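These figures come from a predicted structure and were not determined experimentally. We use all heavy atoms of the structure for the numbers below, so side chains are in, but hydrogens, waters and symmetry mates are not.
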Amino acid sequence: MTALNRRDLGLLVLRVGTGAVLAAHGAQKLFGWFGGGGIEGTTQAMEAMGFSPGRQSAVAAGLGEAGGGALLALGLATPAAGAAAAGAMAGAVSVHAPSGFFAMSGGYEYPAFLGFTAAAIGVTGAGRYSLDHATGHVLDRPWVVATAFIGTALAAAAVVGRRAQSIAAPEEDARQDARQDAEPDTEPEPQHGTARETER
């Protein structure tokens, strides 16, 4: 087995493994498979996590994971597939980031790993054992790589930024209410006349 074949075989194993995990997570969100909540449950979860609108966010996350994962496993439109999966994982990272890095404490270790792996495959390409290779790499051109990752990065930044604003707004309102409650009563006391004025 030549070095080139080993590289392509390794990419196949990495693609199929990563794509299958992503597709399974997406199927949970879209169809309720594997114990998932389906669209309705995922919509409620998205809204609770600060993503708005919830249903569109649920569909986008599910398609990014299920569609991106399936395409990665097949090795078809690999740059777009890797970018879509990485974008979906960026949203998950923003949710878990307050808990730190490690997954054992609820951190973003796992979605970050999946996102980086998907992005690396998208940049590297699917290799010889793929539908991209079989179709002459028509969906794996350099301009596809650039367009897919730039577009996904902009979209993910907008979604994460909008979520951060929606979370920050009620927190700021709560802080203002707390400051107002803590402020002393500054209303002026009624003025009383002098003793002489009282006698009059």
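- The closest donor-acceptor contact from the side chain of Ser94 to the backbone of Gly91 lies under 3.5 Å.
- Pairing each heavy atom of Ser166 with each of Gly50, the nearest pair is OG-O, 2.9 Å.
- Here Leu76 contributes atom CG and Thr135 contributes atom OG1; the two are 6.0 Å apart, rounded to the nearest 0.5 Å.
- Judged by distance alone, the side chain of Thr42 and the main-chain N or O of Ala58 form no donor-acceptor pair under 3.5 Å.
- Annotation for Val159: hydrophobic cluster partners, listed by chain and number, are Met46, Met49, Phe51, Val95 (ILVMFWY side-chain heavy atoms under 4.5 Å, direct or chained).
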Inset, instruction - Apply the test side-chain contact (heavy atoms from CB on, under 4.5 Å) to residues Thr124 and Arg7: give CA-CA distance (whole Å), side-chain angles for both, the deciding distance (0.1 Å), then the verdict. - result: CA-CA 11 Å; Thr124 303; Arg7 173 185 177 278; 3.5 Å; yes
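- The distance from atom CE of Met104 to atom OG of Ser99, rounded to the nearest 0.5 Å, is 12.5 Å.
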Inset, instruction - List the steps and the verdict of side-chain contact (heavy atoms from CB on, under 4.5 Å) for Phe149 and Val144. - result: CA-CA 8 Å; Phe149 278 94; Val144 178; over 6 Å; no
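- Atom CG in Leu71 sits 11.0 Å away from atom CZ in Arg15 (nearest 0.5 Å).
- By the side chain to side chain donor-acceptor pair (under 3.5 Å) test, Arg55 pairs with Glu40, sequence neighbours left out.
- Nearest heavy atom pair, residue Pro111 against residue Ala92, reads CB-CB, 3.8 Å.
- Among residue pairs with one or both ends in residues 149-168, none qualify as salt bridge (charged side-chain N to carboxylate O under 4.0 Å, His left out); sequence neighbours excluded.
- Although no hydrogens or angles enter the test, the distance criterion places no donor-acceptor pair under 3.5 Å between the side chain of Arg128 and the main chain of His133.
- No hydrogens or angles considered: a donor-acceptor pair under 3.5 Å links the side chains of Asp132 and Thr78.
- Contact between Ala84 and Thr152 at its shortest, heavy atoms only, is N-OG1, 4.2 Å.
- Placement of Phe116 and Val123 in two distinct hydrophobic clusters is found when ILVMFWY residues are connected by side-chain heavy-atom separations under 4.5 Å, directly or transitively.
- Cluster partners of Val59, by chain and number: Leu30, Phe31, Trp33, Phe34, Ile39, Leu63. The rule joins Ile, Leu, Val, Met, Phe, Trp and Tyr whenever side-chain heavy atoms lie under 4.5 Å apart.
- Note that CD1 of Ile121 is 4.5 Å distant from OG1 of Thr18, once rounded to the nearest 0.5 Å.
- Within the structure, every pair that satisfies the ring pair (Phe, Tyr, Trp, His ring centres under 6.0 Å) test and touches residues 71-107, not counting sequence neighbours, is listed here: Phe101-Tyr108.
- Note that CG of Leu12 is 12.0 Å distant from CG of Asn5, once rounded to the nearest 0.5 Å.
- Note on Val138: it does not cluster hydrophobically with Val145, by side-chain heavy-atom contacts below 4.5 Å among ILVMFWY residues.
- Of all the heavy atoms in Ala118 and Ala86, the pair that sits closest is CB-N, 4.3 Å.
- Shown here for Gly75 and Ala126, the closest heavy-atom pair between the two residues is CA-CB, 3.7 Å.
- Here CG of Leu11 is found 10.5 Å from OH of Tyr129. Values are rounded to the nearest 0.5 Å.
- Of all the heavy atoms in Gly68 and Ala81, the pair that sits closest is O-CB, 3.6 Å.
- A salt bridge (charged side-chain N to carboxylate O under 4.0 Å, His left out) check over residues 64-83, counting only residues at least two apart or in different chains, returns the pairs Lys29-Glu65.
- Hydrophobic clustering (ILVMFWY, side-chain heavy atoms < 4.5 Å, transitive): Leu131 and Leu22 are in distinct clusters.
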